[in-house]
Amino acid sequence: MREDIAPMPAFLTGGGQTGALMRSLDWSRSALGPPAHWPQSLSAVVGLMLNTSFPMFVAWGPQLSFLYNDAYVEVLGGKHPDAMGRPFHDIWSEIWDDIYPIIELAMAGQSTYHKNLPLAMLRKGFLEQTWFTFSYAPMRDEAGNVSGVYCACTETTEQVLAETHRLHELDRLRQLFYQAPGIIAVLRDANHVFEIANEAYLELIGERGDIIGKPAREVLPDVEGQVFFDLLDRVYASGEPFIGREIPIMLKRSSDGAVEQRYLNFVYQPTRDHLGQVSGIFVEGSDVTDAVLANRALRENEQRLRDLANTIPHMAWMADAGGQLHWYNDRWFDYTGSTPEQLEEGRWLDFIHPDDRALLVAERARGHASGEPYEVKARIRSAQGEYRTYFIRAAPLHDSTGTIVQWFGTDTDVTAIETAQSELRAANRRKDEFLAMLAHELRNPLAPISTAAELLKLTALDEHRVRQTSNIIGRQVAHMTKLVDDLLDVSRVTRGLVTLQEEPLVVGSLVADAVEQVHSLLEDKHHHFTIDAPGESLGIRGDRTRLIQVFSNLLNNAAKYTPANGRITLRLRAVEGQAEIRVEDNGIGIAAPLLPYIFDLFTQAERSPDRSQGGLGLGLALVKSLVELHGGAVWAESGGPGKGSRFTVRLPLVDASAADPAASARQGQAVPAGDGLQLMVVDDNRDAAQTLSMLLEAVGHRVAVSYDASEAIDEAQRCRPALLFLDIGLPDIDGYALARKLRAMPETAGAMLVAVTGYGQPDDKARALAAGFDRHLVKPVRMEEVLALVDEAAARP
Ligand code: ADP
């Protein structure tokens, strides 16, 4: 209700909502009375206040009646608009205790200023912590007495809260800084004065008292002369940061003066002032001593492992956890001839045989996937390009937590073992084959023997049949005996149970005896046999019987393993102080894979129909053992299957004249004196004629050969032979007629005439003697007999 009808004073025309509120209020009941009656000083301040955007209020009169502007409405919260004109105490009872002393001061005439005064206000329905910055000033009435207060204020709650938060953060950061595990220090100025240093830093440098405010050189005199101060100077001067890794530092950390070595990772970072000038250095880093020592120990361990791995005879290597190879021992480089650079490029697989790579890679992947050791066999190439077989084993090395940190591998050369194993298998196979063959060979003669035994049971057999049957048994038994003898012989020779009956020998005569033994086989197969001997005789020392066995074995093989009508040559020569005896044929030859084993016991080529004449595979083993017993050597060569074979024996030469003629004679051997005798062979079988003549020539005689009677008569007149061997079945006239003609010729009347026939019946002999022959031989002739006859002829006047 407006009682005051006086017009609104001019000072109340302004203001926003608070101005409007003042104008509309009924002031008659208030202690202030109508605005028109307000004292000049009050209305002046209110007028000013209403036109200010800064929160302000005035409290006037005995009740300190409250007047405020628009900007102050926000401070009042829910207290507006009731607060307008009400007593101060009614409005702000909750902060009265805080405010009243200030009001009192103002009422006493004293202005005050308060910054961030905390006040717990109840203005939004709850008690709220606020902060205010404000000034109180006394207001006087016309009489000059203080009648009220005037306040300009600003709420600083948000700033205060933000500042508090900032300070908390700062505090937290400071805590972090001080307690950070890394070392931190802030240095100021060119002489590096400590401004801040955290606990880790203090801990690192040891007990040094309060270091803040002191230059680094003063705090750490023991570091002088090490790199640190120079680095600080340089960073300060250049403005360039420095990063150090695992830098050793010597520090006196304890009061006993002992110097201790630590290792540091650190950064010197220059700090700048507002002008951009370097003003100090921020030091941040960590003490990595433990890690450095642990690493060093690890490296030393690894080095020890490497040193150790270098002492072993195997190749060894190390790979990282991912399988990347990074170290090999010297054996690897020696063997492969590879360079560390090649291996750095990861080219180790190049040295593995291409066929073995896939398996190795797969096994390795399996090992890496499972973390289990792996093993694999692979061929590795040597510097010379040869592949040898290696047993590769790799195992993981773990750290204390069980994590794989390395792989350690070894490559062991198992070539010799592999070869030995395969040779063992081959030897075993040969033994089995031999047993099978032996059984076969021994059973073969049993069939005719048992048939013959059955035949003998028959009473109706005539004398001729009985003789024939017993001949069969005799032959088969001889054959079996030969097999068994060979077996026993081999076992005695290979076990070293044979002692040689050594004597000086002439190679030609040995060979002649050997040829004689295989003579019939050569003839049966119509081989073309030649002997190629030097003019002079070759002397050796040895066991006659054993050496004949050697050469007859070789000749026998040549005859056996050469298809009919083959060519077989026996060559004798002196070479490098050795007598060389070479048996060469153009037969079935020897396959390259078999060649290295040909002298092993039981070795034989595949049995095929054309090789059905193979024996037991003992002959060559015997040959080798015997030749070696004589201090000689034997080897075989062949161009391969169908290309013929060549066997060469070498025996140490001795002076041929040392050969003892008496001993030779005992063996039925004619050693020709001087140039030997002129002899003659007449036979229409050219091979037979030639082999016999070669035999005779081999022991040093001159031999003329004729293939029919008329040619023989001419030749005999020309060469005047001392002894003639005549075949009986000649194409033109027979041997008997020829003998009679020769006896009638002056050139041959006194010569010794020997008949060589296929028939040994007493009748035949008598007929020969009647025709003028001195002797009669039955084919196949035995060398002993021939040589004995030559001896006899030589002894004739
Ligand atoms: P055998 O003749 O009893 O089988 P050897 O020890 O004398 O036994 O010979 C072993 C093997 O060597 C023979 O089985 C044969 O395969 C081969 N051999 C020997 N000599 C010759 C040769 N002159 N030509 C071809 N192969 C041969």
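Residue numbers count from 1 along this sequence. Indexing begins at 1, ligand by ligand and atom by atom, following the structure's order. Just so you know, these numbers come straight off a predicted model, no measurement behind them.
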Polar contacts were defined as any N/O atom of the residue lying under 3.5 Å from an N/O atom of the ligand; does this apply to Ile588 and ligand 1?
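By distance alone, the answer is no.
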In terms of heavy-atom contacts, does CZ of Arg567 have more than 12 from other residues, nucleotides or ligands at under 6.0 Å?
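It does not: Arg567 CZ has 12 such atoms or fewer within range.
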I want to confirm something. Looking only at heavy atoms, which of Asn553, Val623, Ile590, Asp600 is nearest to atom 26 (N) of ligand 1?
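Considering heavy atoms of Asn553, Val623, Ile590, Asp600, the nearest to atom 26 (N) of ligand 1 sits in Ile590.
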Just one of Leu547, Leu651, Val654, Leu538 clears the side-chain contact (heavy atoms from CB on, under 4.5 Å) bar with Leu505, so which one?
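Only one option passes, and that is Leu547.
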Of the backbone atoms (N, CA, C, O) and the side-chain heavy atoms from C-beta on, which set of Leu622 has a member under 4.0 Å from an atom of ligand 1: side chain, backbone, both, or neither?
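Near ligand 1, Leu622 shows nothing, with every heavy atom at 4.0 Å or more.
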At under 4.0 Å between heavy atoms, which part of Leu620 makes contact with ligand 1: side chain, backbone, both or neither?
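Under 4.0 Å from ligand 1, Leu620 contributes backbone and side-chain atoms.
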Is a salt bridge present between Arg775 and Glu792, judged by a nitrogen-to-oxygen distance below 4.0 Å?
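Salt bridge flag = yes for Glu792 with Arg775.
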Under 4.0 Å to a heavy atom of Leu618 - the qualifying atoms of ligand 1, by number:
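In order of number, 6 (O), 8 (O).
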Show the atoms of ligand 1 that are less than 4.0 angstrom away from any heavy atom in Ile598.
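Those qualifying, in numeric order: 12 (O), 17 (C).
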Could you pull out all residues at least two apart from Tyr387 that satisfy ring pair (Phe, Tyr, Trp, His ring centres under 6.0 Å)?
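So Tyr387 forms a ring pair (Phe, Tyr, Trp, His ring centres under 6.0 Å) with His353.
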Among residues at least two apart in sequence or on other chains, which ones pass ring pair (Phe, Tyr, Trp, His ring centres under 6.0 Å) with Tyr335?
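With sequence neighbours excluded, Tyr335 shows a ring pair (Phe, Tyr, Trp, His ring centres under 6.0 Å) to Tyr390, given in chain and number order.
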Worked check of side-chain contact (heavy atoms from CB on, under 4.5 Å) between Thr389 and Asp413
CA-CA 6 Å; Thr389 306; Asp413 187 344; 5.6 Å; no
Does ligand 1 have any atom that is closer than 4.0 Å to a heavy atom of Phe599?
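Not so, Phe599 does not reach ligand 1.
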For Gly587, state whether at least one heavy atom is located under 4.0 Å from any atom of ligand 1.
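No, Gly587 has no heavy atom closer than 4.0 Å to ligand 1.
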